[in-house]
Amino acid sequence: MDDHPFLPLQWAERSAADMVALAEANHAELAQRRTTRHFSTRDVPRRLVELAILSGSTAPNGAHLQPWTWVAIRNDELQHKIREAAEEEERKTYSKRMPEAWSEVLAPLGTDAIKPHLTDAPWVVVLFKQKKRQRPNGDWGPTYYATESCGIAAGMFIQSIHRMGLVTLTHTPSPMGFLRDILERPKHEEAMLVMPVGYPAEGAEVPDIHRKSLDEVAVFFDEQA
Ligand code: IYR
């Protein structure tokens, strides 16, 4: 008996024209995604957050250990606690810890230590990276490429939120150890990202920034060019 069975890949060929059209449409849709700091308090059904988490959890990941825990919060008291703790750290970061080389690149984005989105957004999703896993024999072993895995999962979560017509923001309070305490997560889990999820506020704004062109971000070694 084979202990590690394989299944046929489910895959259907698309025409060359369809591929280009789909890729163009996908890029156009993603190009519309923006990070705003202005969230509405309007509620979002839990099923939408569940679907974004499920979408994020389809990410390719190290040794298929799926080393993530998504903590989804729609709870005023917890959101206020998180905001208070995040702002306490962020006040120190912005006023003392942040070197000028960092603050000069944040200036155009208009970020500061005040984080109203943590209490305005109906949901806050905190992504925890699992640094260890329990082996079948009960011992603890490492996970592999957990940072990369969770980074990819977060990207897919963000895409899912965007495609359903909502907005999210990747907030990185630093340090973020307080999240493990407030959310009662075990020691082998480390908070990576805090993502408020909701509708944009009326009149929500975004910084006037531009994305690099293909030439600026990519190098091709293409013998057919
Ligand atoms: N962690 C802080 C500061 C911050 C850092 C980067 I890099 C950003 O792109 C934006 C903000 C915060 O979340 O405000």
Side-chain angles (χ1 to χ4, degrees), residues 30-41 49 52-53 56 68-76 78-129 131 146-162 166-183 185 189-201 203-213 216-217:
L30 287 186
Q32 291 292 318
R33 188 201 59 75
R34 293 298 312 264
T35 299
T36 183
R37 311 197 122 65
H38 307 137
F39 281 72
S40 159
T41 55
V49 175
I53 291 172
W68 42 65
T69 303
W70 310 82
V71 179
I73 304 148
R74 178 169 58 179
N75 179 300
D76 257 358
L78 273 180
Q79 285 172 252
H80 277 92
K81 257 194 193 169
I82 291 171
R83 177 173 174 185
E84 206 172 294
E87 288 183 342
E88 193 179 322
E89 291 296 356
E90 292 291 83
R91 271 194 296 272
K92 290 183 224 157
T93 297
Y94 277 89
S95 66
K96 294 192 209 114
R97 297 169 181 150
M98 199 178 273
E100 202 206 326
W102 190 358
S103 48
E104 77 187 2
V105 285
L106 287 189
L109 307 181
T111 65
D112 59 26
I114 314 299
K115 305 296 181 190
H117 37 267
L118 292 175
T119 46
D120 286 345
W123 290 93
V124 172
V125 176
V126 182
L127 175 56
F128 284 83
K129 157 176 98 180
K131 292 184 296 182
T147 304
E148 292 82 350
S149 304
C150 288
I152 300 166
M156 296 175 78
F157 173 91
I158 292 163
Q159 173 171 1
S160 167
I161 292 291
H162 173 64
L166 296 172
V167 293
T168 184
L169 150 68
T170 43
H171 171 41
T172 49
S174 167
M176 50 179 112
F178 66 87
L179 289 160
R180 183 193 290 142
D181 301 333
I182 293 177
L183 300 173
R185 297 311 305 163
E189 292 189 7
E190 196 171 88
M192 256 189 74
L193 276 177
V194 179
M195 294 174 286
V197 170
Y199 288 89
E205 292 186 326
V206 293
D208 183 13
I209 52 174
H210 300 278
R211 293 193 167 110
K212 290 179 179 176
S213 68
E216 290 172 292
V217 299

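Order of listing sets the numbers, starting from 1, for every ligand and every atom in it. For the numbers below, each heavy atom of this structure counts, side chains included, while hydrogens, waters and symmetry mates do not.
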Between T35 and R33, do the side chains contain an N or O donor and an N or O acceptor separated by less than 3.5 Å?
yes
Nitrogen or oxygen of E90 less than 3.5 angstrom from that of ligand 1:
yes
Decide whether an N or O pair under 3.5 Å exists between K115 and ligand 1.
yes
Going by salt bridge (charged side-chain N to carboxylate O under 4.0 Å, His left out), name the residues that satisfy it together with E87, two or more places apart in sequence or in a different chain.
R83
What heavy-atom pair brings S174 and R97 nearest, and what distance separates the two atoms?
O-NH1, 3.0 Å
Start with the C-alpha gap between M98 and T93, add the side-chain angles, then the distance that decides, and say whether side chain to side chain contact (heavy atoms under 4.5 Å, CB included) holds.
CA-CA 5 Å; M98 199 178 273; T93 297; 3.8 Å; yes
Can you see which heavy atom on V167 is nearest to which on F39, and at what distance?
O-CE2, 3.4 Å
So which bit of L106 gets within less than 4.0 Å of ligand 1, heavy atoms only: side chain, backbone, both or neither?
side chain
Protein heavy atom at shortest distance from atom 11 (C) of ligand 1:
Y94 OH, 3.7 Å
Starting from atom 1 (N) of ligand 1, locate the nearest protein heavy atom and write down its residue, its atom name and how far away it is, to 0.1 Å.
T172 O, 2.6 Å
Between E189 and R185, is there a salt bridge with N-O shorter than 4.0 Å?
yes
Protein heavy atom at shortest distance from atom 7 (I) of ligand 1
W102 NE1, 3.6 Å
Which ligand 1 atoms are under 4.0 Å away from a heavy-atom of H171?
12 (C), 13 (O)
